[in-house]
Amino acid sequence: MSNQSASTASAHTASTKSATLKIDGSTGEGGGQIIRTALSLSMLTGIPIEMTNIRAGRAKPGLMRQHLMCVQASQQISNATVTGAALGSSSFRFAPSAIRSGDYHFDIGSAGSTSLVLQTLLPAMLFANTDQSVHSTLSIKGGTHNPLAPTTDFLQHAFVPALAKLGMQVNIECVQAGFAPIGGGVIKATITPFMRRADAKPLHLTERGALSNIALVASVLNLEYDIGKRELASAKSVLLESGVDASLITTRANKLDGIGEGNTCYAQVTHECGDHLHHEIFTLLGEKRTSAEKMGYRLAGLVKRYLFKTDALVDEYLTDQLLLPLALSGGGEFTARIISQHTETQAWLIKQFLPVDIKFEAVDEQKTLVRVIC
């Protein structure tokens, strides 16, 4: 949080801290994202929350195991008072105290997403103290590569580099991979307390420069190594046919450590952006009865849509995840390919806690200017 936004948020907190903020968990997208972001912001601002109608529109409403872990882990790092949180709960209350830096270990107890638990805790840990020599670590056990959640690869190669542009120092290690239904994966995040430099300027990620590289990566866990090689060959072939310069494409196949079985492939697309490089990650998880060649074809299709259908810099999933870091670090703006209901819900929730404005200004059907004003 910038000095200015920190003091503004502190003043905001001081006037509202005693009042519990009531949040309808069925608002907007109505999923687990509301739970996670509300917990993050409650810890950061000190504002107690009462959440109701949790995941009310889902086939299995209420708190699932990974959501409950988000509540329990948040309770531990912020010494919070919690009532009503249990598997299947449709409501709970959460009243945080002081965030404590340290070394924490959490086990989801299922293949639930380690990434989503980490993203709940990360904002709070960045502001746990102001001594940059004191790092915190979070070790989380569960699923590292999950459907409908950012994979560890996405966090490492898209989210963390974006945070670095804001001066936020986070390192994420995939200690052991874990896929559904077994899980058993472990990630470890090392977090340096954030202090925004006095001369730092709001982030601007609006213009896409020259294409620098497309890195194609395929990984297998206790499956035939050839699966990954075939995925890469298929994806590269499609990109070459679409006119991408062969010198810009690199490929790498990996064998992962862990229990169970799984396959994932991703493309890291890197463009120049002023003085920075900007990375977008497109990920797929292997599916039974879907050939490696088809997986590669689908991965290349995601890359082609980004390269040729828009000149916006930030794609859908990173758009969701940039809003809160920008709101905490002094604001900024970026161009987004699409504004999803997830993004709209995230913007609404951030504004319930922080005195910021978040605007979406359509440029064309495939490009929106997102402005976070602190």
Item to check | Verdict with supporting geometry, Asn254 and Val217, side-chain contact (heavy atoms from CB on, under 4.5 Å) | outcome: CA-CA 8 Å; Asn254 297 320; Val217 181; 3.5 Å; yes
Item to check | Quiz item: cation-pi between Lys255 and Tyr225, 6.0 Å / 45° | outcome: yes
Item to check | Selection residues 53-95 - residue pairs positive for ring pair (Phe, Tyr, Trp, His ring centres under 6.0 Å), sequence neighbours left out | outcome: none
Item to check | Members sharing Val175's hydrophobic cluster (side chains within less than 4.5 Å) | outcome: Val186
Checklist entry - What pairs of residues pass the salt bridge (charged side-chain N to carboxylate O under 4.0 Å, His left out) test when at least one of them lies in residues 37-55, not counting sequence neighbours? => result Glu50-Arg93
Next on the checklist: ring pair (Phe, Tyr, Trp, His ring centres under 6.0 Å), that's the test. Do Phe154 and Tyr317 meet it? Break it down for me.
Outcome noted: CA-CA 10 Å; Phe154 183 95; Tyr317 300 118; 7.1 Å; no
Which side-chain N or O atoms in residues 159-172 pair as donor and acceptor under 3.5 Å with protein atoms at least two apart or in another chain?
unit_1 : atom_1 : unit_2 : atom_2 : d
Lys165 : NZ     : Leu277 : O      : 2.9

Checklist entry - Does the side chain of Thr343 reach to within under 4.5 Å of the side chain of Trp348, using non-hydrogen atoms? => result no
Next on the checklist: Strictly by salt bridge (charged side-chain N to carboxylate O under 4.0 Å, His left out), give each pair with a member in residues 27-46 just once, sequence neighbours left out.
Outcome noted: Glu29-Arg58
Item to check | Lys/Arg cation over aromatic Tyr306: Arg208, 6.0 Å, 45° cone | outcome: yes
Checklist entry - Taking Thr264 as the fixed residue, which of Thr144, Leu284, Asp153 is the one that meets the side-chain contact (heavy atoms from CB on, under 4.5 Å) rule? => result Asp153
Item to check | side-chain contact (heavy atoms from CB on, under 4.5 Å) between Thr270 and His278, worked out | outcome: CA-CA 6 Å; Thr270 302; His278 178 74; over 6 Å; no
Checklist entry - Which residues pass the side-chain hydrogen bond (donor to acceptor under 3.5 Å, both in side chains) test with Asp245, sequence neighbours left out? => result Ser247
Checklist entry - According to the ring pair (Phe, Tyr, Trp, His ring centres under 6.0 Å) rule, which pairs have a member within residues 355-374, sequence neighbours left out? => result none
Item to check | Short N-O contact, Arg337 and Glu365, less than 4.0 angstrom | outcome: no
Next on the checklist: Please evaluate residues His342 and Glu344 with respect to the criterion side-chain hydrogen bond (donor to acceptor under 3.5 Å, both in side chains), reporting the C-alpha separation (whole Å), side-chain torsions for both, the decisive distance (0.1 Å), and the verdict.
Outcome noted: CA-CA 6 Å; His342 266 278; Glu344 293 174 341; over 6 Å; no
Item to check | Residue pairs passing the salt bridge (charged side-chain N to carboxylate O under 4.0 Å, His left out) test where at least one lies in residues 318-335, sequence neighbours excluded | outcome: Glu333-Arg371
Checklist outcome for this item: With sequence neighbours left out, the residues meeting salt bridge (Lys or Arg N to Asp or Glu O under 4.0 Å) with Asp311 are Lys367
Checklist entry - Between Gln119 and Gln321, is any side-chain donor less than 3.5 angstrom from a side-chain acceptor? => result yes
Item to check | Hydrophobic cluster (4.5 angstrom, side-chain heavy atoms) - remaining members for Leu285 | outcome: Phe179, Leu221, Leu256
Item to check | Which residues share a side chain to side chain contact (heavy atoms under 4.5 Å, CB included) with Ser237, sequence neighbours left out | outcome: Glu241
Checklist entry - At their closest point, which heavy atom of Ala111 faces which heavy atom of Pro181, and how far apart are they? => result CB-O, 3.8 Å
Next on the checklist: Walk me through whether Ile191 and Leu122 qualify under side-chain contact (heavy atoms from CB on, under 4.5 Å).
Outcome noted: CA-CA 8 Å; Ile191 303 147; Leu122 184 57; 3.6 Å; yes
Checklist entry - Taking the six-membered ring for Trp, are Tyr266 and His157 parallel (under 30°), tilted (30 to 60°) or perpendicular (over 60°)? => result parallel
Checklist entry - For Thr190 and His135, what are the C-alpha separation, side-chain angles and deciding distance, and is it a side-chain hydrogen bond (donor to acceptor under 3.5 Å, both in side chains)? => result CA-CA 7 Å; Thr190 303; His135 296 185; over 6 Å; no
Next on the checklist: Quick check: is Val82 connected to Leu87 through a chain of hydrophobic side chains (ILVMFWY, heavy atoms under 4.5 Å apart)?
Outcome noted: yes
Checklist entry - Can you name the side chain to side chain contact (heavy atoms under 4.5 Å, CB included) partners of Ala292, sequence neighbours left out? => result Ile227, Arg230, Glu231
